[in-house]
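Please read the structure below before turning to the comments.
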Protein chains: 2
Amino acid sequence: MVAFTKLELPPAYRAVSLEIERLILDGTLKPGDALPSETDLAGRFGVHRSTVREGIRQLETEGLVRRETRKRLVVAAPDSADLAPRASRALTLQQITFRELWEAAMVMEPLSAALTAARRTDAVLAELDDNLARTEATIVAGQSPVALDMEFHSLIAAGSGNRALILAREPIGQLLYPAYVAIRPHLPQSAGRLMTAHRAIVEAIRARDADEARIWMARHIEDLNRGWVLCGLDPDMSVANL
Amino acid sequence: MVAFTKLELPPAYRAVSLEIERLILDGTLKPGDALPSETDLAGRFGVHRSTVREGIRQLETEGLVRRETRKRLVVAAPDSADLAPRASRALTLQQITFRELWEAAMVMEPLSAALTAARRTDAVLAELDDNLARTEATIVAGQSPVALDMEFHSLIAAGSGNRALILAREPIGQLLYPAYVAIRPHLPQSAGRLMTAHRAIVEAIRARDADEARIWMARHIEDLNRGWVLCGLDPDMSVANL
DNA sequence: GCCGCTCGATTTGTCCGACAAACCAGCAAA
DNA sequence: TTTGCTGGTTTGTCGGACAAATCGAGCGGC
């Protein structure tokens with residue numbers, strides 16, 4: 001009597017989201033296609049509209065379905081803007097430490113910089129120049145450059161054209177660079193060092209010099225660790241409450 | 001008249017999920033806590049139960065809430081098992097290429113190996129030895145070692161103790177290693193090379209030799225690229241339909 | 001006194017139906 | 001042709017209902 005174990009059927013709302021997901025994955029529904037109306041779906045699946053709605057809420061959360069207007073839902077391919085915040089939240093809840101983030105950044109950021117240098121377009125370069133100018137203005141005004149620092153690293157990742165890297169790096173950047181707010185007040189010269197590094201990285205990218213870009217980026221990320229330690233902070237401290 | 005722009009209020013179900021999410025993020029609800037019943041929540045928020053349910057479906061999808069039994073929902077911290085499949089799906093839908101995955105793996109895997117070698121526990125080592133044995137048996141039996149290869153790399157990532165790295169690497173592994181099925185039939189000797197590399201990596205980890213582990217892992221990942229090219233496959237080909 | 005069991009209360013999953021507000025398309029008027 | 005109105009569609013939300021699963025408490029047996 002071991003053969004017949006209890007069947008584990010998913011709830012109907014889960015079956016709905018799995019089925020629509022399947023249709024998207026196998027290409028029957030393509031990104032950009034409008035989803036049928038809730039009533040229509042309820043009719044086809046033979047379930048009540050509220051059940052369909054629960055399934056749609058799941059797809060919406062997964063980024064497989066996006067709303068164009070307040071009403072119209074269209075199929076979409078989830079991108080890093082959908083996934084990165086969830087990953088950041090997960091790491092925050094797990095009390096991720098500075099060390100973990102830094103170790104990961106220490107390999108991903110130099111790769112980003114090198115790839116971007118090798119493949120850069122003028123558009124990316126223009127965005128980086130613009131970011132440099134705004135960062136400098138912010139520092140001169142005595143304000144925190146954290147948001148612009150995050151943007152700088154995101155721009156470089158985007159420039160790499162490597163979507164796996166973009167996706168993997170984004171949550172780490174979102175959590176690691178805010179750590180700079182803990183450093184800046186104690187190390188006044190750090191803003192200047194940040195600016196120097198950013199400029200050198202952009203110049204290397206402009207010159208399409210991948211090695212130089214990689215080296216400066218590695219130096220820049222190492223500097224973050226040095227600053228952290230110089231401030232007497234513990235690398236194994238969680239960055240959750242910065 | 002520029003001051004008064006249209007107010008964008010989220011739908012009630014979104015407000016519910018955002019509010020519960022806030023309570024989790026700020027620590028009012030801690031992982032492990034049971035969620036109040038749907039009726040209870042509906043009463044407190046002043047909305048209908050079906051509205052609460054839509055909000056809960058979103059939290060469930062995000063991994064912030066997990067079901068212990070079929071009924072009881074408890075607060076949870078999302079982990080890589082929640083997020084990695086979504087990331088893989090996103091990359092698949094975006095037609096991620098072999099090259100993108102390989103470039104990212106080329107920096108993450110050697111780091112994983114080095115960290116694991118430096119910090120390994122006997123438990124991790126035992127799991128790796130077990131994986132080696134099963135991989136060898138599978139290869140001898142002429143079967144595909146892809147699942148075990150993926151497990152091998154996941155075990156090493158887990159051994160690093162770096163949760164940022166675990167999270168970032170997992171979706172890449174899930175997509176990259178299945179590419180091996182395209183290589184194996186054309187390169188019969190590849191299974192032996194895989195086995196040799198895995199053994200060397202485990203030996204380096206056993207000896208807590210971080211550099212040796214890093215080097216062998218880098219060689220192993222490079223080998224994957226070599227195999228791909230030797231088979232006449234285009235690095236810029238999507239791995240979506242393997 | 002402890003264990004296990006039954007029975008009722010609670011909770012989830014699903015359904016039915018309703019209605020207001022937003023949205024869209026088509027038609028009439030300028 | 002453009003503008004504006006109108007009616008039908010779709011979403012968001014609500015009220016309520018019920019079966020099945022689960023839980024808890026009290027009760028009886030050992």
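Please read these numbers as outputs of a predicted model, since none were measured by experiment. For the numbers below, each heavy atom of this structure counts, side chains included, while hydrogens, waters and symmetry mates do not. Letters go in sequence order (proteins before strands), and every chain restarts at 1.
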**Message:** Just to verify, what does A/Tyr180 make a ring-ring contact (aromatic ring centres under 6.0 Å, His included) with, not counting sequence neighbours?
**Reply:** none

**Complete:** In whole angstroms, the gap separating P of D/dG12 from CZ of B/Phe45 amounts to 19 Å

**Request:** Just jot down the side-chain contact (heavy atoms from CB on, under 4.5 Å) partners of B/Asp82, sequence neighbours excluded, or say none.
**Result:** B/Arg66, B/Pro78, B/Asp79

**Asked** Under the criterion side-chain contact (heavy atoms from CB on, under 4.5 Å), which of B/Val202, B/Asn131, B/Leu128 is the partner of B/Ile156?
**Response** B/Leu128

**Message:** So that I can tick it off, tell me whether A/Glu151 and A/Arg134 are bridged by a salt bridge, with the cut-off set at under 4.0 angstrom between side-chain N and carboxylate O.
**Reply:** yes

**Message:** Over 60° means perpendicular and under 30° means parallel, so tell me whether B/His153 and B/Tyr177 are parallel, tilted or perpendicular.
**Reply:** parallel

**Message:** How would you summarise protein contacts on nucleotides 7-16 of chain C per nucleotide, using B for base, S for sugar-phosphate only and - for none, with heavy-atom distances below 4.0 Å?
**Reply:** ----BBBBBB

**Message:** What is the separation between atom CG on A/Leu41 and atom P on D/dT9, rounded to the nearest whole Å?
**Reply:** 17 Å

